[in-house]
Amino acid sequence: MRDPRYNKGLAFTETERETHYLRGLLPPAIISQELQERKIMNNIRQYQVPLQRYMAMMDLQERNERLFYKLLIDNVEELLPVVYTPTVGEACQKYGSIFTRSQGLYISLKEKGKILEVLKNWPERSIQVIVVTDGERILGLGDLGCQGHGSGWTSASFLHDFLSCSSPQTELDPFCITQEYADFLQEFMTAVKQNYGEKVLIQFEDFANHNAFELLAKYGTTHLVFNDDIQGTASVVLAGLIAAQKLLGGTLADHTFLFLGAGEAGTGIAELIALEISRQTKAPIEECRKKIWLVDSKAIKPTVLIGTSGKGQTFTKDVIEAISSFNERPIILALSNPTSQSECTAEQAYTWSKGRAVFATGSPFDPVEYDGKIHVPGQANNAYIFPGFGLGVVMSGAIRVHDDMLLAACPKTTRKLWSSLRSGFNLSFLDHMHVKQWARNNKFVDQCTLYAFFEIYAGLTNLLLPYMLEQRRLLPSRSQKRILKMGSSILPSQTSGRSLPTLLPTLQQRHMNLVSIILVCFFDKDDYALIGKGWLITQLFSCVGLASRRPRPKDLVKYAESCMYSPIYRNYR
Ligand SMILES: NC(=O)c1ccc[n+]([C@@H]2O[C@H](COP(=O)([O-])OP(=O)(O)OC[C@H]3O[C@@H](n4cnc5c(N)ncnc54)[C@H](O)[C@@H]3O)[C@@H](O)[C@H]2O)c1
């Protein structure tokens, strides 16, 4: 009862109370998790101040994790802005005053020479993902030192085998990689590998620009590292741009991109766009980079405007009117967080572009009515990728992160897979030869990347599991074990005792529903806003997959359907 991971509060059943000697330790009433959820949501909605909602969520996480994730999964649109941007920014700024129970590890300079020891203090043994920050650039808010610990990974920590670390950077020279800083980081990276092995994913989060690129380059060759701000943002934004092509027609190479802000997010996105254009057109990447401008210049007429400067209100009326004057549908992405730093608001974008902007933002904005039409801004935020990405990398047993994985996480590549799925390739696509062929055709560097890609779509992992079980010889041995373990725990209980072949028709039917839902949400849309929803679902599934450890295909379909409130989707029902 005192361990939040096992505590169910009043939802402990009679049998559980009996078998675990809980009698008398709880009031005699038993209520369902659904009722608990309704009560807590009701309480949370009473709070007018967003920070109070955040604190209520944190309290819940500290006493009943299952319920916490259930709430997040079922109310993700309402609660993501509470546990993530923009509220989490305020939470980090005030972390000192709202701090209650310590989460994660803090490694300060005092621990120099003893980092391995500190890691060993963490009670969990099998860690698969570590999110680490030096606290220096929390969400565009600057150096918050260890207060940055309150940031986004609370929502990402659905991975039980997950560890978040922060090292109070303020004790070190904040403006360059000093020898002391470099040595400290090196000790940390070595200790992590020593303690958890080669396959632990280290996610660099909110490191300041001057360190982030160097660290990624340095450790990219020796460790399994991923920088969410550089790589995650790039992948999510490229996905958005590719999806926007559905709306506009043409290809990425037809565009000229202008970035305001050439830091981690901006250059990460720019480089991935160039890579994708180069793959599409077979032109050298150096040529493709010429389509991208990272400084403002009067000479060019951009078709895509991307804000990653961290400065609010920089897409002024003049700027948006100008880009709208030479584009029928200008693509405008105001990525800076939190809300106050957004380059423009949704209302401004739609009003100034006369409702023509294809628009998305880093922090969420409400829909806007312009000229009798409701415009729903998309949310282009790396939160839609890092949980699934982390899971993918871990599940596939990859030992390095490749750019191809980032590309694979974009809908374009997915579309190829799903079109082959649709055209009857479905059951055999996991066949060894097909996988190899498919990987070759789609230029995946190796099968590991391909598996990572499957896993990135964590929800799909679940639906593919039965097939994977059937085809288990395909999987690398460690992943195989893990997948088999997970697979046997997620198969619906009523299926136990029945052999897989007899189950396949039912499972296939369910899975195809799910596939078509995902197809609809990724590709059959004519509104940019749905891009966000697609990623949301991906993320949702990853949450489901690991929060309860027992997602059933039925639940996945239910979750997907509950997300499908869009009028567009209804046409496909
Ligand atoms: N939506 C998302 O998923 C997402 C992901 C990462 C970062 N972001 C947001 O993007 C912003 C930048 O993050 P970052 O990690 O790239 O930071 P960064 O410090 O690496 O980059 C910011 C860059 O903008 C430049 N800049 C500042 N003011 C400018 C101006 N007026 N004109 C032109 N350039 C200017 C700076 O010189 C710097 O190079 C932050 O607000 C962050 O929250 C959003």
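First listed ligand is number 1; within each ligand, the first listed atom is number 1. Just so it is clear, the values below take in all heavy atoms, side chains as well, and ignore hydrogens, waters and symmetry mates.
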Output yes when the distance from some N or O of ligand 1 to some N or O of [X] is under 3.5 Å, and no in every other case.
X      : value
Gln341 : no
Leu260 : no
Asn209 : yes

(message) Tell me the contacting part of Ala262 for ligand 1: side chain, backbone, both, or neither, using a 4.0 Å heavy-atom threshold, strictly below.
(response)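 The answer is the backbone of Ala262.
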May I ask which of [options] has a heavy atom nearer to [atom] than the others do?
atom                    : options                        : value
atom 24 (O) of ligand 1 : Ala334, Gly261, Ala212, Gly266 : Gly261
atom 43 (O) of ligand 1 : Asn337, Thr85, Thr267          : Asn337
atom 30 (C) of ligand 1 : Gly310, Ser309, Ser342         : Ser309

Atom indices of ligand 1 within 4.0 angstrom of [X] heavy atoms, with elements:
X      : answer
Ala265 : 6 (C), 7 (C), 14 (P), 15 (O), 16 (O)
Ser336 : 9 (C), 10 (O), 11 (C), 41 (O)
Gly362 : 1 (N)

(message) Given Thr303, which partner from the list His255, Glu328, Arg329, Lys291 fulfils the side chain to side chain donor-acceptor pair (under 3.5 Å) test?
(response)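 The option that passes is His255.
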Taking [X] first and then [Y], would you say they form a salt bridge - that is, a charged N and a carboxylate O separated by under 4.0 Å?
X      : Y      : answer
Glu276 : Arg279 : no
Lys373 : Glu369 : no
Lys218 : Glu214 : no

(message) Phe315: which residues meet the ring pair (Phe, Tyr, Trp, His ring centres under 6.0 Å) condition with it, sequence neighbours left out?
(response)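 With neighbours one apart ignored, the set is empty.
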(message) Check for me whether Lys311 has a heavy atom closer than 4.0 Å to any atom of ligand 1.
(response)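 Within the 4.0 Å threshold, so yes.
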(message) Taking a cutoff of less than 4.0 Å between a non-hydrogen atom of the residue and any ligand atom, is Thr314 in contact with ligand 1?
(response)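 Thr314 does not count as a contact of ligand 1 under the 4.0 Å cut-off.
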(request) Using side chain to side chain donor-acceptor pair (under 3.5 Å) as the criterion, list what pairs up with His223, not counting sequence neighbours. (result)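 Scan of His223 (side chain to side chain donor-acceptor pair (under 3.5 Å), adjacent residues dropped) gives none.
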(request) Search all heavy atoms of Val368 against all heavy atoms of Tyr350 and return the closest pair with its distance. (result)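 Distance-wise, the nearest heavy atoms are CB-CD1, 3.8 Å.
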(request) Taking Gln313 for its side chain and Glu343 for its backbone only, find out whether a donor-acceptor pair lies under 3.5 Å. (result)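 Looks like no, no N/O pair under 3.5 Å.
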